[in-house]
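Report on one structure; see the data block that follows.
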Amino acid sequence: MKVLAFSHSMDLALELVSAGRELGDVSLLVTSDQEGWINEVKGAKEILLCKEMDSGDQEGLVELISGLAGDYEVVLLASDRRGRELVGQVAHRLGASSAVDVSSLSVEKGKLVVERMTFGGKAIAVEEMGLPAVISVQKGKFRPPEEGKPSVREVGAPSVERRIEVIGGKEKPKVGVPLDKAEIVVAVGRGFRKKEDLKLAYELADVLGGVVGATRPLAADLKWMEEEVWIGISGVRIAPKLLIVVGASGQQQFAAGIMDSKVVVAVNTDSKAPIFEQADYGVVMDLYEFLPVLTKKLKEIKGG
Amino acid sequence: MDIAVLVKQSLDVQELRVDQDTGKIYIEDAPTKAGDIELNATEEAVRLKEKFGGKAIALMLSTWGASGKRQKEAREALTRVLAMGLDGAMLITGEGAERGDTYMIAKALAQEIRDKFGLVLAAEGSEDNFSGLLPARLAAELGWPYVAYATAIEVEGDYVKVTRSLEDFEEVVKVKLPAVISVTQEINKPRVPKLVEIVKAKKKPMDQKDFSPPVEPKLTIRELKVPKVERKRIVIEGDVEEAAEKLIQALKEEGVL
């Protein structure tokens with residue numbers, strides 16, 4: 001099976017190459033702004049270099065990928081927002097099947113079989129896809145390949161009627177260690193009565209060397225925190241070795257975002273909160289009493 | 001310019017019961033509703049209509065079969081968005097829709113949108129499946145531009161100016177109409193309809209249309225499984241001091257401190 005892969009991010013592109021190798025030979029498309037990746041990409045059979053296309057050109061990419069895809073059975077894209085935006089458009093151009101955020105993929109009797117989370121994390125759908133197929137792969141599920149130097153072939157860019165013009169933009173403020181890469185996360189919810197009180201969570205995260213994330217209401221409705229730290233199915237999905245959830249009830253959208261965490265601790269005054277079903281260790285207490293004591297004791301151990 | 005809002009009849013995942021031991025998923029018992037982010041799309045459509053004129057209509061293609069319960073829920077979901085200020089709604093139902101994948105549904109919806117609307121608003125993802133594939137496919141089917149993850153939309157003549165939120169970047173684009181745009185929850189705060197608006201919404205036009213599959217689906221769901229999430233669910237007892245000490249001890253034994 002022949003696989004075409006593309007991502008805006010090199011880390012994700014390498015994960016796609018690994019995912020694609022489970023199906024066959026992988027050609028990785030690289031745009032002009034990504035030319036520097038050529039010497040770093042391993043594991044792909046070949047690199048298709050398009051020097052006349054920038055990865056910021058969404059309409060151009062849809063056209064370019066759809067045009068190249070005729071030679072491939074499977075197109076793999078990343079599950080970041082720019083990647084997901086392409087999946088449906090490319091699939092429909094090709095009359096292909098599509099799936100996003102797949103965690104596994106295999107071939108059975110000429111059909112592609114993928115697994116992905118659905119129903120807000122309450123179920124895993126096993127889907128049979130006709131070929132050709134366009135798929136985005138869940139972040140962090142495949143390790144980058146370690147060897148194999150690809151050949152490089154240049155491809156031309158199609159001419160595109162452009163209806164989308166980028167007229168501005170700015171980098172979002174950096175939040176330090178990205179949540180999805182953090183080893184220790186303290187997640188805060190509506191149990192905090194005001195924004196200033198979040199310092200209790202930051203102090204706990206500091207002593208643990210972790211980062212602070214938030215539930216949807218804190219990030220989106222109250223705007224106490226940046227959107228980038230919003231944990232959940234429409235926010236960031238995290239997989240730390242230790243997650244301490246403080247003052248969050250455990251709504252399904254949030255629960256789906258923390259499923260891959262190794263050890264989960266929940267602190268909540270309401271013993272019936274669903275979060276305790278999703279936790280390894282539950283502390284039924286007022287966070288305003290418990291957090292300062294926990295932080296102080298941890299400081300003593302860590303010698304701080 | 002008239003606006004179409006895509007409203008999916010989604011399973012209410014909060015209410016969905018699954019049995020970890022038997023692996024059974026009680027889909028039939030769970031209610032359906034309009035997704036939360038579709039309320040944001042509705043709110044945005046109403047705001048744009050109030051500011052720039054035109055009509056805003058909800059489109060729903062029910063994929064839950066012809067049972068009375070699901071049909072009633074579909075109409076309730078549409079009444080919910082009508083009460084927020086939309087002018088009308090169209091409900092498409094019929095045999096074969098339950099096998100529909102995004103390929104089939106995009107083809108069916110495009111027939112109701114082409115030449116009738118200048119802007120389609122959708123949620124970045126549906127409440128129950130959250131793939132975000134449908135608006136992208138619909139745009140491709142219509143041959144219209146597609147911009148996802150909008151956090152602000154302004155109409156400027158034949159264009160819309162869209163601010164959109166990417167992971168590390170906020171981008172502003174100018175898009176030629178007609179277009180398909182998906183929104184995130186940050187775009188606005190959906191109004192909560194008053195009782196009188198809900199009563200009035202029941203009198204607004206709701207067209208029913210029979211569905212006939214325009215194409216065969218490209219994807220089938222073979223199986224739905226319950227994910228195995230094994231949690232210890234140990235409750236730490238004692239006063240504040242004891243609980244903190246016990247928790248630290250437990251985390252040390254887990255090897256995560």
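Chain letters run A, B, ... following the sequence lines, proteins first and then strands; every chain starts at 1. Quick caveat: nothing in here was measured; it's all calculated off a predicted structure.
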What one should report as the nearest heavy-atom pair of Pro227(B) and Ile124(A) is CB-CD1, 3.7 Å
When every non-hydrogen atom of Phe290(A) is compared with those of Leu247(B), the smallest separation belongs to CZ-CD2, 3.9 Å
Does any part of the side chain of [Y], heavy atoms only, come nearer than 4.5 Å to the side chain of [X], both counted from C-beta?
X	Y	result
Val166(A)	Glu171(B)	yes
Arg81(A)	Glu124(B)	yes
Lys225(B)	Glu115(A)	yes

So which part of [X] gets closer than 4.5 Å to some heavy atom of chain A, the side chain, the backbone, both or neither?
X	result
Asp101(B)	neither
Glu167(B)	both
Val147(B)	both
Leu134(B)	neither
Ile248(B)	side chain
Val18(B)	side chain
Lys161(B)	side chain

Chain B heavy atoms under 4.5 Å from [X]: which part of the residue, side chain, backbone, both or neither?
X	value
Val236(A)	neither
Arg116(A)	side chain
Ser261(A)	both
Phe119(A)	both
Ala91(A)	both
Ile184(A)	side chain

- Passes side-chain contact (heavy atoms from CB on, under 4.5 Å), Val240(B) versus Leu294(A)? Steps please. CA-CA 8 Å; Val240(B) 174; Leu294(A) 179 64; over 6 Å; no
Legend entry - Side chains of Ser98(A) and Arg137(B), donor plus acceptor under 3.5 Å: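 Checked: Ser98(A)/Arg137(B) side chains pair up, N/O donor to acceptor below 3.5 Å.
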